[in-house]
Amino acid sequence: MYEHLKIEEKGMVAILTISAPKSLNALNSKILNELDDYLSQFDCNRLRCLIVTGDGEKSFVAGADISEMASLNMLEGNAFGARGAKVFRKLETLHVPVIAAVNGFALGGGCELAMACDIRICSENAKFGQPEVGLGIIPGFSGTVRLARLVGMGMAKQLIFTGKPIKADEALRIGLVNAVVPQSELMDKALEMANQIAANAPLAVKAAKLCINDEWDMDADAAILNENVIFGRCFLTEDQKQGMKAFLEKGKYEFQGK
Ligand code: CO8
């Protein structure tokens, strides 16, 4: 159905593999459009977690496609940047958690794609970086926005101004990734986490994701109030009632998302 996306479902977890092997999975307009289409039709009621990875053992995504960007003028540059930024925002605000399983190069737009995911796990051979200034551009898929939020302003400026990539252990040290594992275990670890998420009450997980995303930009009082409103709404759900009842009766309840 897609030329550059491979989709697999394992129970309530979807695995999305970006596949453009000739360019180390670099993102061109076609891939961005396919990604947009996939996210638009993603069934957040049936599926409870999404894993995003890259095809092969060398690269997650080696950036935006330089051959497509080389001849752009200013307006076309704006349009290409906006295209990627919009799709990445769609991923970030998807109503289920998204785990990036970073299996190699995550450079430029690849690092930005990983940062638009909720959680990042990487293999030992992964390399992260924002090499854009070495090409005469800046991170244009929201990298200047998300990197500083994730790792702090000083480290973000270092990575973006030098363009120098970092290895997996350094990415872990600065908090850019949650965990580093051997490549042969990467998908198993990502699936293990995804299945843990999928076993929890989906409406509560969704509410928690919305809270964390939305409250990031609020002042403390507004954020606390927002959490309180969403917390109260959890008590409208069947999952809360049955989940707590099962706990008190020492049983187990399979959450229905109701
Ligand atoms: N775009 C297009 N083609 C690429 C890209 C890319 N980002 N990355 C790799 N390729 C291609 C190579 O050109 C090569 O093609 P060919 O075989 O036809 O020569 C093939 O993939 C394999 O790559 P290499 O031979 O270079 O493999 P190496 O193992 O020697 O090196 C690297 C791997 C280090 C990943 C190297 O390929 C590299 O440096 N790639 C570019 C990385 C980069 O600079 N990425 C950032 C791009 S800019 C960006 O992402 C901006 C995002 C915001 C856009 C905003 C728009 C306005």
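We count ligands from 1, going down the list as the structure has it; atoms in each ligand are counted the same way. All figures in this text were calculated on a predicted structure; none of them were measured in a lab.
Considering K30, K90, R89 as possible partners of D36, the one that fulfils the salt bridge (Lys or Arg N to Asp or Glu O under 4.0 Å) test is K90.
In this structure, the side chain of E76 engages the main chain of N73 through a donor-acceptor pair within 3.5 Å. Under a 3.5 Å cut-off, the side chain of N25 and the backbone N or O of D55 do form a donor-acceptor pair.
For ligand 1, the protein residues placed under 4.0 Å by at least one non-hydrogen atom are K22, S23, L24, A26, K58, A62, G63, A64, D65, I66, M69, G77, F80, G81, F105, L107, G108, G109, E112, P131, E132, L135, I137, G140, F141.
For the residue pair R83 / N33, a side-chain donor-acceptor distance below 3.5 Å is found, with atom types taken as modelled. In the model, E68 has no side-chain atom that pairs as donor or acceptor with a side-chain atom of N28 under 3.5 Å.
Other members of the cluster containing F105 are L24, L107, with ILVMFWY side chains joined at under 4.5 Å, either directly or via other members.
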